[in-house]
Amino acid sequence: MAAPAVAATRGFTGNERRTLTGIAAAHFVSHVHILVVPLLFPLLRDRLGVGFIELGLALTVFNIVSALTQAPMGLVVDRAGPRRMLGAALCLGSLSFLLLAALPTYPVLLAGAVLAGLANSVYHPADYAILGHAIREQRVGRAFSLHTFAGFLGGAVAPAMILGTASVAGLNAGLLVAGAIGPLAAIVLFVMTPAPAPRGTQAAPRGQAASGGKRLLSPAILALAVFFVLLALANAGIQNFAVVAWVSGRGLSLTDANIALTAWLLFSALGVLAGGIIADRTRRHGLVACGGFGGAGLIVAAVLVLAPPVAVLVVAMGVAGFLSGMIMPSRDMMVRAAAPPGQAGAAFGIVSTGFNIGGMVGPPAYGWLVDSGRPGGVFAVAAALMAATAIMGLFQDGRRRR
């Protein structure tokens, strides 16, 4: 998937390419860091002498801290400077894993979850604030898509990087690798990304005219926060519970179920790149979100009702994944358009809290459906949430046109 990503950078200036490199490196690391603890669950259970419930609590702590601090951190990013805050977040996230490698105890794991959650709350506000100022209006959609693609790539590489290292050299080696990549990405960020303008001289992001009437907690921003919650809940059902639902509900083999999920994930990443081109060619971003997620929801519902053969299932999930990935740059452009000038970081901080809320609420709900003998409910709920997200996208498009 590297070739499409490289092709998508054509047309960017040298400074824009360097900025994209630094931000992509940071977002790549952020997604690796999110997966470190879940990937190492079996090894952490043996080393720390705790159960999966206790380990799961660490993920809950991570999401709670991120949810509570993401909006305030967006304000801090806008005031202290996004590049400085992003570099600090990369180092803080790495520190959480280095501490656990040095002192492998359960209290340190929980403390590390707090540090990692705090670091995670910086990434989206800082990333989007930097891109919004550094990339010209006609290319910002593609810039957002490359940023999102880098995160997808980090999630895809994480198992081989972290679990592969731990399998060969032990738990500490896996944690040390996770701890090393943050400072390395911070160096890339500071070397590649141009220094910000002095305080008081920064212009509003290109393409945003001054608008003193825009409020940070406007109805548009609050509606987008709900949009992000629905988006996170829908994706959580497919990504986290589709395999177990197919195996227990339809009797698919674990291999076939994983192939179908891989098709969703792979084509989601490709859809993100295509969505960047679309986002740069239209201002009807809500309409793009409606069409993409509405189409994905229809396919997921059809998969549930028709129970197609495995080959058809894989193709269908690939198409649905492409459509769901395609909306991501338009989603980000909707937030950018709703943000008051100079407060992009705060706006993205508020709406990105929806991801954390979805991360806290979704897994127990979907897990209950599977445990109660209704695995098909995973796809029914996910499809319904996709439909609700599509409707909200249409609503946002209408609001923007008015």
Side-chain angles (χ1 to χ4, degrees), residues 26-70 72-73 76 85-124 151 154-187 236 239-240 352-353 355-364 367 371:
H27 202 215
F28 175 93
V29 169
S30 76
H31 277 247
V32 173
H33 279 178
I34 287 172
L35 292 174
V36 170
V37 170
L39 287 170
L40 296 176
F41 266 180
L43 297 176
L44 287 169
R45 180 190 59 178
D46 295 339
R47 175 70 67 86
L48 305 182
V50 296
F52 287 116
I53 293 177
E54 289 84 356
L55 293 173
L57 179 60
L59 300 184
T60 300
V61 168
F62 170 87
N63 278 292
I64 289 175
V65 171
S66 288
L68 293 177
T69 58
Q70 193 137 210
M73 198 58 70
V76 175
M85 290 297 296
L86 186 55
L90 287 164
C91 294
L92 184 63
S94 288
L95 178 62
S96 68
F97 303 116
L98 295 175
L99 285 175
L100 187 58
L103 300 168
T105 64
Y106 186 65
V108 172
L109 174 64
L110 293 180
V114 172
L115 296 178
L118 188 60
N120 186 67
S121 70
V122 174
Y123 290 120
H124 278 176
V157 169
M161 179 188 296
I162 304 301
L163 190 55
T165 301
S167 299
V168 172
L171 173 64
N172 274 17
L175 292 170
L176 290 173
V177 168
I181 59 176
L184 290 176
I187 292 171
Q239 293 180 17
N240 298 331
S352 295
T353 302
F355 287 142
N356 302 114
I357 295 173
M360 290 185 286
V361 175
D371 286 342

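For clarity, every value in this text was computed on a predicted model and none was experimentally measured.
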> Rounded to the nearest 0.5 Å, what separation is found between the NE2 atom of His33 and the CZ atom of Phe28?
Replying inline: 10.0 Å
> Measuring from Ile64:CD1 to Ile357:CD1, what's the distance to the nearest 0.5 Å?
Replying inline: 11.5 Å
> When you look at Ile162 and Leu35, which way does the side chain to side chain contact (heavy atoms under 4.5 Å, CB included) test go after all the steps?
Replying inline: CA-CA 9 Å; Ile162 304 301; Leu35 292 174; over 6 Å; no
> Would you say Val32 and Val157 make side-chain contact, with heavy atoms under 4.5 Å?
Replying inline: no
> Does Asn120 reach the side chain of Asn63, with side-chain heavy atoms less than 4.5 Å apart?
Replying inline: no
> Is there a donor-acceptor pair closer than 3.5 Å between any side-chain N or O of Tyr106 and the backbone N or O of Glu54?
Replying inline: yes
> Do the non-hydrogen side-chain atoms of Phe62 and Val37 ever get within less than 4.5 Å of each other?
Replying inline: no
>> Run the side chain to side chain contact (heavy atoms under 4.5 Å, CB included) test on Leu184 and Val29 for me, step by step, so that the C-alpha distance in whole Å, both residues' side-chain angles and the decisive distance to 0.1 Å come before the verdict.
In response: CA-CA 10 Å; Leu184 290 176; Val29 169; over 6 Å; no
> Can you tell me how far the CG atom of Leu39 sits from the CD1 atom of Ile34, to the nearest 0.5 Å?
Replying inline: 11.5 Å
>> If we ignore hydrogens and angles and just use 3.5 Å, is the side chain of Asn172 paired with the main-chain N or O of Ala101 as donor and acceptor?
In response: yes
> Could you state the interatomic distance from CG (Leu43) to CZ (Phe41), rounded to the nearest 0.5 Å?
Replying inline: 12.0 Å
>> Test of understanding: with side-chain contact (heavy atoms from CB on, under 4.5 Å), list the residues that count as partners of Val114, not counting sequence neighbours.
In response: Val61, Val65
>> On a heavy-atom basis, which atom in Ala166 and which in Leu40 lie closest, and how many Å separate them?
In response: CB-CD2, 3.7 Å
> To the nearest 0.5 Å, what is the distance between CG (Leu99) and CG (Leu175)?
Replying inline: 10.5 Å
>> So which atom in Arg45 and which in Gly51 form the shortest heavy-atom distance, rounded to 0.1 Å?
In response: CG-CA, 4.5 Å
> Looking at Leu103, Leu57, Leu55, which hits side chain to side chain contact (heavy atoms under 4.5 Å, CB included) with Leu109?
Replying inline: Leu55
> Taking all non-hydrogen atoms of both residues, which atom of Val177 and which atom of Met161 are closest, and how far apart?
Replying inline: CG1-CG, 3.8 Å
> Do you know which two heavy atoms are closest between Ala178 and Val36, and how far apart they sit?
Replying inline: CB-CG2, 3.7 Å
> Do any N or O atoms from the side chain of His27 and from the backbone of Tyr123 form a donor-acceptor pair under 3.5 angstrom?
Replying inline: no
> Can any side-chain N or O of Ser94 pair as donor or acceptor with the backbone N or O of Gly182 at less than 3.5 Å?
Replying inline: yes
>> Which heavy atom of Thr353 sits nearest to which heavy atom of Ala67, and what is that distance?
In response: CG2-O, 3.4 Å
> Can you check whether Gly154's main-chain N or O pairs, donor with acceptor, with His31's side chain at less than 3.5 Å?
Replying inline: no
>> Using 30° and 60° as the class boundaries, would you call the ring planes of Phe355 and His124 parallel, tilted or perpendicular?
In response: perpendicular
> So, for Cys91 and Ala186, which heavy atoms are closest and what is the spacing to 0.1 Å?
Replying inline: SG-CB, 4.3 Å
> CD1/Ile181 to OG/Ser30 distance, rounded to the nearest 0.5 angstrom?
Replying inline: 9.5 Å
